[in-house]
Amino acid sequence: MNIELSDQEQYRRQSLTELRNLGIEPYPAALYPTNAFSTDIKSNFDENNPQRMEVCVAGRIMSRRIMGKASFVELQDAKGRIQIYITRDDINTEAQPEMYNTVFKKLLDIGDFIGIKGYVFRTQTGEISVHAKELTVLSKSLRPLPIVKYKDGVAYDAFDDPEQRYRQRYVDLVVNEGVKDIFLKRTKVYQSMREFFNTRGYVEVETPILQPIPGGAAARPFITHHNALDMPLYLRIADELYLKRLIVGGFEGVYEFSKNFRNEGMDRTHNPEFTAMEIYVAYKDYFWMMDFTEQMIEKICLDVNGTTEVQVGDKTISLKTPYKRISMIDAIKENTGIDIEGMDENDLRKVCEDLQIDVDETMGKGKLIDKLFGEKCEANYVQPTFITDYPLEMSPLCKRHRNNPELTERFELLVNGKELANAYSELNDPIDQLERFQEQLRLSEKGDDEAMFIDMDFVRALEYGMPPTSGMGIGMDRLVMLLTGQQAIQEVLLFPLMKPEKVQKVDTKEKFMELDIPEAWAEVLQKMGIKQVDQLKDLNPNKLHQDICGFNKKNKLALTNPSKEEVSQWIDNAAKK
RNA sequence: GAUCUAGUAGCUCAGCCGGUAGAGCACAUCCCUUUUAAGGAUGGGGUCCUGGGUUCGAAUCCCAGCUGGAUCACCA
């Protein structure tokens, strides 16, 4: 028996063998003809119909209540749970007379998949259940699931360690109520957004994830290497520049759900890979895009939640249109009382210092204003608000404001004090674009490691001419967080990035035995945590001798203790390896 | 990256001033035909995260590390 397995795992493996001995394959190949889901059975049940509803269901055993010759099983399928009533005389067959007492009661466990054919009825306590007439083993589970019980929506013994939940999301999905719902809603958000774009005739496209120049955003990229071309490649940080090339190419509107990768810190709102949606529409400006964005969000919220209100923590947020619109300068005035209109870099630095905001020499005018806004204003916009007209310097891909050359035609949509969407009237003047890129290069030389690279092909595309265009990007993960009331991005990503689990290498018993260690003692060493023969060579022979003799005594193994000389010979043998 | 905090049975957790490790669920054995966080009785199960140190003695105290979480920093 494998010493690495817990007793429960060993029992389950034993049951597996016994099932096979009884002629029952625990992992059958044939399809199982299910014709009903738990939730549908419950909602379609009609007590007054004298005709029994025959069903065939399949799922995982989540709990068992065994009462002698009769038992109740909670079966969980993709949509929910249904109770199964099983009696000995109903499921035993001539071919398998031990179906109830041995197979069901002894060899099946919580977590196993079974199929049930039977009819729907209501028990004396009123629960709609399936009366089993036939039980089929569909898949044996060798690891015990965490047992989570629910009563009146309260979870008992919830499986709630975030590390285990994210690493073993499959377990989280099986045992924790509501986790699957978040991901079903995530899919609905995508469906709803696609529908919104598709009905307007915009085209979903795919653009490169491996890029020679990571453009379209200010962020540190992941770098990788292409062997055949012997050149560096970057994982995309945004798809903006590619989508605009498509507008140059003559598409009216294009959009993409873009997996982006940014080599930055991780926390409850940042995962190294995340999904943004970006859309670009020709002949529009950012005013049009504000209308478009708020309509889109309202629609998605209604489709997903059936209401325009969402609850995030203790805040209720209304996503009903129209949303407040305020310029960045007015927002700063509104929150700090300071009018920064017309200030130069030095004035702004002084304002920041007066407000005790950390600033440094590498920050240009744009970054200073951004920082000022971020520190003093952003968190105050809980209800959806469009902040408009950002400083030129921090928006190198955005068109200059039609009335003020210091500003750009840009907005961000803030909800719950955080950026949700970002949009421009896109810069389509190729000469201005090149100058802005060059300004970014100067910032980069000044020490701003997020300043953008110059993408000359993108400039060349603009030189062929891009129609006036408005573009918008929205963080899909953040949107799903908002619509599901989650406070951590890890809760809306099926598999958030985690540091790799450390798995200790385990040498086989035989490897220990090669060192002239008797089999019984090899097992003892492994049980004591010496999993690899390499570990032996650094040990003190006296201490090891005492330890293993002590282990023998403590665990009443009744083994004959080896001599000190034998033990030190083991260690010598290990050192020679 | 910094600070704080946590890691004990398959799961959720107790375990104070250092003295042979506990509970509930799960599991095993036996009894029991309609129960529902569902029966009853009995029982098995632990590298107390890892490695050092202090001590006669460490799950407990100290140091370092690993892995989470929170806060901050960073961050379109």
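No experiment lies behind these values; they were computed from the predicted model shown. Proteins get letters first, then strands, A, B, ... in listed order; numbering begins at 1 in each.
Taking the six-membered ring where the residue is Trp, A/F411 and A/F386 present perpendicular rings, their angle passing 60° and hence far from 30°.
In terms of position along RNA chain B, the nucleotide closest to A/K106 lies nearer the 5' end than the nucleotide closest to the other residue of the pair A/F72 and A/K106. Taking for each of A/K149 and A/S15 the nucleotide of RNA chain B with the nearest heavy atom, the 5'-most of the two is the partner of A/S15.
Between the side chain of A/Q83 and the base of B/U35, a donor-acceptor pair under 3.5 Å is found. If you check distances only, the side chain of A/Y85 does reach the base of B/U33 with a donor-acceptor pair under 3.5 Å.
Among the atoms of the strands shown, none is found under 4.0 Å from any heavy atom of A/R88. At a threshold of 4.0 angstrom between heavy atoms, the contacts of A/Q164 are confined to the sugar-phosphate backbone, with no base atom among them.
Nearest nucleotide to the A/H270 side chain, out of B/C25, B/C75, B/U67: B/C75.
Across all strands shown, B/A14 has no partner, as no Watson-Crick or G-U wobble contact with both distances under 3.5 Å is found.
Geometric assessment of A/R410 against the ring of A/Y424 yields a negative cation-pi assignment under the 6.0 Å and 45° thresholds.
By the 4.5 Å heavy-atom criterion applied to side chains, A/Q83 and A/V73 are not counted as neighbours. Between A/Y286 and A/H401 there is a side-chain heavy-atom pair separated by less than 4.5 Å.
In this structure, A/D370 places its CG atom 12 Å from P of B/C74, rounding to the nearest Å.
The shortest distance between the side-chain N/O atoms of A/K371 and the OP1/OP2 oxygens of B/C74 is below 4.0 Å. OP1 or OP2 of B/U67 has not a single side-chain nitrogen or oxygen of A/R167 nearer than 4.0 Å.
Comparing the P positions of B/U12 and B/G7 gives a spacing of 12 Å, expressed to the nearest Å.
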